[in-house]
Novice: 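Would you mind keeping the following structure in view while I ask a few things?
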Amino acid sequence: MRRLTAASVAIVLAIAASGSHALIGPKRAVLGGSNWVLPGFSAASGGVDCYFAKALYSPSATACALTVTRASSGTSLLPTSAAGAAFTTYGNNVARLIPGSGVLIEESRTNFLLHSTAPATQTTGSLANGTYTLWYNGAGTATMSAGTATGCGTGVASQGNSISFTTSGAAGTCVVTVANAGASDSFQLELNPGAVSAPTSLIVTAGATAARAADNIQLTSYPGVGSAFTEFAAFTPSAPVTFATDQVAVQYDNGNNTDSARIYRASTSGDPGYRVIGGANPFATGFGSALAAGATAKIAAAFAPGAQAAAANGTMTSTNTAATLPTGTFTTIFIGSQSGSSRFMNGIVSRIAIAPTVALPAATLQADTNLNQYN
Amino acid sequence: MRILLVLALLFAAAVPVRANQVDYFCIFSNAAAAEADGPVGAYWNATDGVWDTSRTFPGIKVVTAAALVNGINPNTAFWIIVSNAGQKAALDADTNCVMTLDRDIAIHGGSFVLAATLTGTNRSNASFSPVPHGSRYPIPLGQ
């Protein structure tokens, strides 16, 4: 069977309360072995290192437990997944922790095609105007044609080749014609938030269109924050570099983003960035060059009053001199979004680390983000 | 065998039971009215101008035979599902929320209508879309 439940995949001893999970995944951390921890983020120095991709957690799995709010199921089948790949379906408020990859974090989307795991020719319901992406997984193809809408186009989606189109004028329908569908095929038609095509994971539908809620993910145990601190994240974004919204990797936050400090992939350029919101000296700094879709990126940023620094992928660096930081109001670490409400990663966060009381030196930031180390 | 049973019981006791997912179907004349509503508007982020889509499904379509629901044309209304693990007292008391359904009970084929002011066949013949991914509400609801 292609579809698996989360419970059948992981050997989990779950300490679950209101959607929080102590992450003790298929691989347990070697007792006494901590040489995998990123320099500067050791437990001895008060750091937290959550290596989701390898199920390694320092100082403990409890410190890396996640509080998840997602009012729907979600799957692990991506538009880039291999043809007919088996996928996991995760229940409401369960982290989509993909062994070997990390935590999949996405914004809310709707699949406008029915019976999405048994693709068949169909006419959509009335579609609001916008830019849609059609993607197909498996042996068959799906071809667009006009129903009553303007702009359905004639594109053909196939394995690994999604297509997009933009409708305009009066809302109407489109026709999707399926050919040569295989037994393990899936397809999805989703509305992008803007003009850039950025498809997301499969939403399984039956007799009605279905919506996947957004992944609001926080560290259950807040590590605290001093006057200076450092953030690290390794992530793989799915959206093109031109996506119109920043994609947040990790964020210190006061609960509603009126005060926050984040590292992120910048909108429209895909550049690495670090940013402070709120306080007397907010700033947003992008640096270096674009982080490609589908490629793992690492960003580390150190924040201290009067001196901030960041590094990405070992070679890109930046400094800043904001005089003050709004750390006094921070209460939460959000992973993969701005306050759980917007600027979602739309990709996989494989690792985060927090040094809550120290701004690590630039050399450490560069070393920690070196793609060839600590993998 | 006894050891296994004891271990199983200890494990079960250590794992808290998750609350069922509860879906509140709320109707407003327009989106602004929903944003301004106390209990439902709590899920509206006015700073960013977005709904908390980790817990809401704004702008769904509900098909019902009722000509008016709460005095509002259901075909042109702004509908929103507010969904949480467990019931919320503020939403229970919000008269704009005309139907409260237990998603987990529906998955198991039970009586899933917890509360409703949308009654009779106006509700039992009603359908909605998009449905929350993973839900298994009958189409039409049938209850």
Side-chain angles (χ1 to χ4, degrees), chain A residues 12-20 68-75 89-94 105-112 114 116 125-126 128 190-191 193 201-218 245 256-258 277 337-344, chain B residues 7 10-24 42-63 75 79-86 88 101-104 106-107 126-141:
Chain A
V12 176
L13 296 174
I15 302 174
S18 302
S20 66
V68 181
T69 304
R70 187 187 64 249
S72 77
S73 298
T75 73
T89 298
Y90 303 80
N92 308 330
N93 307 309
V94 174
I105 302 172
E106 297 177 308
E107 63 192 32
S108 176
R109 290 286 181 95
T110 296
N111 189 352
F112 291 96
L114 305 184
S116 60
S126 181
E190 54 190 295
L191 175 64
S201 63
L202 178 71
I203 300 163
V204 179
T205 63
T209 59
R212 181 193 65 240
D215 296 282
N216 175 342
I217 299 184
Q218 309 169 38
T245 305
N256 59 18
N257 196 53
T258 51
I277 292 175
S337 75
Q338 171 183 294
S339 308
S341 64
S342 62
R343 293 175 173 79
F344 292 91
Chain B
L7 287 173
L10 285 172
F11 177 79
V15 178
V17 175
R18 291 180 180 273
N20 284 2
Q21 197 72 21
V22 176
D23 296 314
Y24 292 85
Y43 299 82
W44 169 253
N45 182 328
T47 301
D48 289 342
V50 296
W51 286 100
D52 175 1
T53 53
S54 70
R55 293 181 290 174
T56 67
F57 300 90
I60 64 164
K61 175 182 176 182
V62 176
V63 177
N75 298 315
W79 286 92
I80 181 169
I81 296 174
V82 182
S83 184
N84 287 284
K88 300 297 180 185
L101 308 182
D102 188 308
R103 197 186 304 177
D104 288 280
I107 286 173
S127 61
F128 67 95
S129 64
V131 303
H133 184 205
S135 66
R136 295 184 192 171
Y137 292 116
I139 303 172
L141 288 175

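Sequence lines set the chain letters: A, B, ... in the order given, protein chains first and strands last, and positions in each chain run from 1.
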Novice: Just verifying a value: how many Å separate A/N257 CG and B/N45 CG, rounded to the nearest 0.5 Å?
Specialist: 8.0 Å

Novice: For the atom pair CD (A/E106) and OG1 (B/T53), what is the distance rounded to the nearest 0.5 Å?
Specialist: 11.5 Å

Novice: Of all the heavy-atom pairs spanning B/S54 and A/T69, show the shortest one and how long it is.
Specialist: CB-O, 3.3 Å

Novice: Measuring heavy-atom distances to chain A, does B/S135 have an atom under 4.5 Å in its side chain, in its backbone, in both, or in neither?
Specialist: neither

Novice: If you count heavy-atom pairs under 4.5 Å between each of A/G74, A/A206, A/A211, A/A213 and chain B, which one has the most?
Specialist: A/A211

Novice: So which of A/S108, A/S73, A/S201 actually passes side chain to side chain contact (heavy atoms under 4.5 Å, CB included) with B/H133?
Specialist: A/S73

Novice: Looking at A/D215, A/N216, A/I203, A/T258, which one has more heavy-atom pairs under 4.5 Å with chain B than the rest?
Specialist: A/I203

Novice: Select one option (side chain, backbone, both, neither) describing which atoms of A/T75 are under 4.5 Å from chain B's heavy atoms.
Specialist: both

Novice: For the OG atom of A/S72 and the CZ atom of B/R103, what is their distance to the nearest 0.5 Å?
Specialist: 7.0 Å

Novice: Which atom pair, heavy atoms only, marks the closest approach of A/G340 to B/D52?
Specialist: O-OD1, 4.1 Å

Novice: Which pair of non-hydrogen atoms, one from B/R18 and one from A/N93, has the smallest distance, and what is that distance?
Specialist: NH1-O, 4.2 Å

Novice: What is the distance from atom CG of B/D48 to atom CD of A/Q338, rounded to the nearest 0.5 Å?
Specialist: 4.5 Å

Novice: Looking only at heavy atoms, what is the nearest atom pair of B/V50 and A/S341, with distance?
Specialist: CG2-O, 3.8 Å

